[in-house]
Visitor: 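Right, I'll just put the structure down here and ask away after.
Both ligands and their constituent atoms are indexed starting at 1 by order of listing. The model shown is predicted, which means the values in this text are computed figures rather than measured ones.
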Amino acid sequence: SSVSRFLPDPKTVAAKLGVDKGPIHLVEAGLPKQLAELGWKVQFDGHHQFEEIPTEDDPPIGKLKNPRSVSRVCQAVAKVVGDHAKKGQLPLTLGGDHSLAMGTISGTLEKYPDACVIWVDAHADINTAETTDSGNIHGMPASFLLGIGPKVEEFSWVKPLLKPHRIVYIGLRDVDQGERRILREHGIKAFSMHEVDKYGIGRVVEMALDHVNPGRKLPIHLSFDVDALDPSVAPSTGTPVRGGLTFREGHYICEAVYETGCLVALDIMEVNPSLADSESAKQTVAVGCSLARSALGETLL
Ligand SMILES: CN[C@](CCCC[B-](O)(O)O)(CCN1CCCCC1)C(=O)O
Ligand SMILES: [Mn+2]
Ligand SMILES: [Mn+2]
Ligand SMILES: [Mn+2]
């Protein structure tokens, strides 16, 4: 695999942590050491603790739940990720809620304004304050990054730096009506599980890269929600949906993205060990670590 040409010192990875227990389990499973064994110089900043805003002090804004704490955490993550990226490091964010991608991708775009995003997920996470039915902000980060939908004061710090032709989805299978309309109206490319079945993961990844990064010249931010994988592979996650990617399909995406040499930032999101029995939790943590290794150069041979 070719060394990434965007990183003067490709052997640096900064491990970032999300907002729930998941990330701590990934670190305790030994991920930093595993990455060091791949040759990365890992700078682990310790577990980011964010002082929780008590629920009574963070009432919904419209339908949006926990808007102030989500905004505050994402803004902090944007700054930290941006700072690491500006130092030529590859920020690895472990989550934790996928709302964090508002922060990580904002950080990446600050350093690499022409970066493209590969969003691996069962969901499009592109609801607006109007279209969301759950009010859960993890279903909305892409709309804020694209500047789609009504302005929400609390999130005015998110600059609409992402362009519709610079994001591509792989693994979709649970997309709300409002999100379908947004994808269609903005011409956003999405490879659902139907296309994965039809073309095979190899062709899908090639078509996805051809769409957002035709000359393989743009930096890539890979945002991987483990619920893109089938629940039999990654059971301990917030919104599991049947009929997902196999273990290998998920890892193939990571391997192929690393092979482009364009990866500049990586998110491994929605690992939540508290949601299942300890066996399933351990399995999901192990898959999260394994995906990260594959995206950062671990090969099968
Ligand atoms: C599909 N959209 C959902 C899920 C978002 C998942 C976020 B992710 O980070 O895990 O990808 C579901 C919306 N509702 C659909 C109807 C039934 C109840 C949930 C939402 O809450 O917006
Ligand atoms: Mn979530
Ligand atoms: Mn997601
Ligand atoms: Mn999801």
Visitor: In terms of side-chain geometry, is the basic nitrogen of Glu195 or Lys198 positioned less than 4.0 Å from the acidic oxygen of its partner?
Guide: no
Visitor: More than 12 heavy atoms of other residues, nucleotides or ligands under 6.0 Å from CZ of Arg242: yes or no?
Guide: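 Open: at most 12 neighbouring heavy atoms sit under 6.0 Å from CZ of Arg242.
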Visitor: Using distance alone, determine whether Asp174 and ligand 1 share an N or O pair under 3.5 Å.
Guide: no
Visitor: Test of geometry: compute the angle OD2(Asp121)-the Mn ion (ligand 3)-OD2(Asp125) and round it to 10°.
Guide: 90°
Visitor: Are any of the side-chain nitrogens in Asp210 or Arg216 under 4.0 Å away from the carboxylate oxygens of its partner?
Guide: yes
Visitor: Check this for me: does any side-chain nitrogen of one of Lys63 and Glu130 sit under 4.0 Å from a carboxylate oxygen of the other?
Guide: no
Visitor: Is the shortest side-chain N to carboxylate O distance from Lys79 to Asp83 below 4.0 Å?
Guide: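 A salt bridge is present here (some side-chain N lies under 4.0 Å from a carboxylate O).
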Visitor: Using side-chain hydrogen bond (donor to acceptor under 3.5 Å, both in side chains) as the criterion, point out the one residue from Asn127, Asp125, Asp121 that pairs with His123.
Guide: Asp121
Visitor: Between the Mn ion (ligand 2) and His98, is there an N, O or S atom separated by less than 2.8 Å?
Guide: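 So His98 does not bind the Mn ion (ligand 2) by this criterion.
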Visitor: With a 4.0 Å cut-off on heavy atoms, is Met269 touching ligand 1?
Guide: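 False for this residue.
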Visitor: Considering only heavy atoms, which of Thr131, Leu100, Asn127 lies nearest to atom 22 (O) of ligand 1?
Guide: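 Looking at heavy atoms only, Asn127 sits closest to atom 22 (O) of ligand 1.
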Visitor: Atom 2 (N) of ligand 1: which protein heavy atom is closest, and how many Å away?
Guide: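 Looking at atom 2 (N) of ligand 1, the protein heavy atom closest to it is Asp176 OD2, 3.0 Å.
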Visitor: Atom 13 (C) of ligand 1: which protein heavy atom is closest, and how many Å away?
Guide: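 For this ligand atom, the closest protein heavy atom is Asp133 OD1, 3.2 Å.
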Visitor: For a ring pair (Phe, Tyr, Trp, His ring centres under 6.0 Å) check, start with the C-alpha distance between Trp119 and His221, then their side-chain angles and the critical distance, and finish with the verdict.
Guide: CA-CA 8 Å; Trp119 197 291; His221 181 120; 8.4 Å; no
Visitor: Name the closest protein heavy atom to atom 4 (C) of ligand 1, giving the residue it belongs to and the distance to 0.1 Å.
Guide: His123 CD2, 4.0 Å
Visitor: Nearest to atom 21 (O) of ligand 1, what protein heavy atom do you find, and at what distance?
Guide: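 Closest protein heavy atom to atom 21 (O) of ligand 1: Ser134 OG, 2.6 Å.
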Visitor: For atom 11 (O) of ligand 1, what's the nearest protein heavy atom and its distance?
Guide: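 Result: Asp125 OD1, 2.6 Å.
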Visitor: Could you check whether atom 17 (C) of ligand 1 has a protein contact, counting only heavy atoms that fall below 4.0 angstrom?
Guide: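 Within 4.0 Å of atom 17 (C) of ligand 1, no protein heavy atoms are found.
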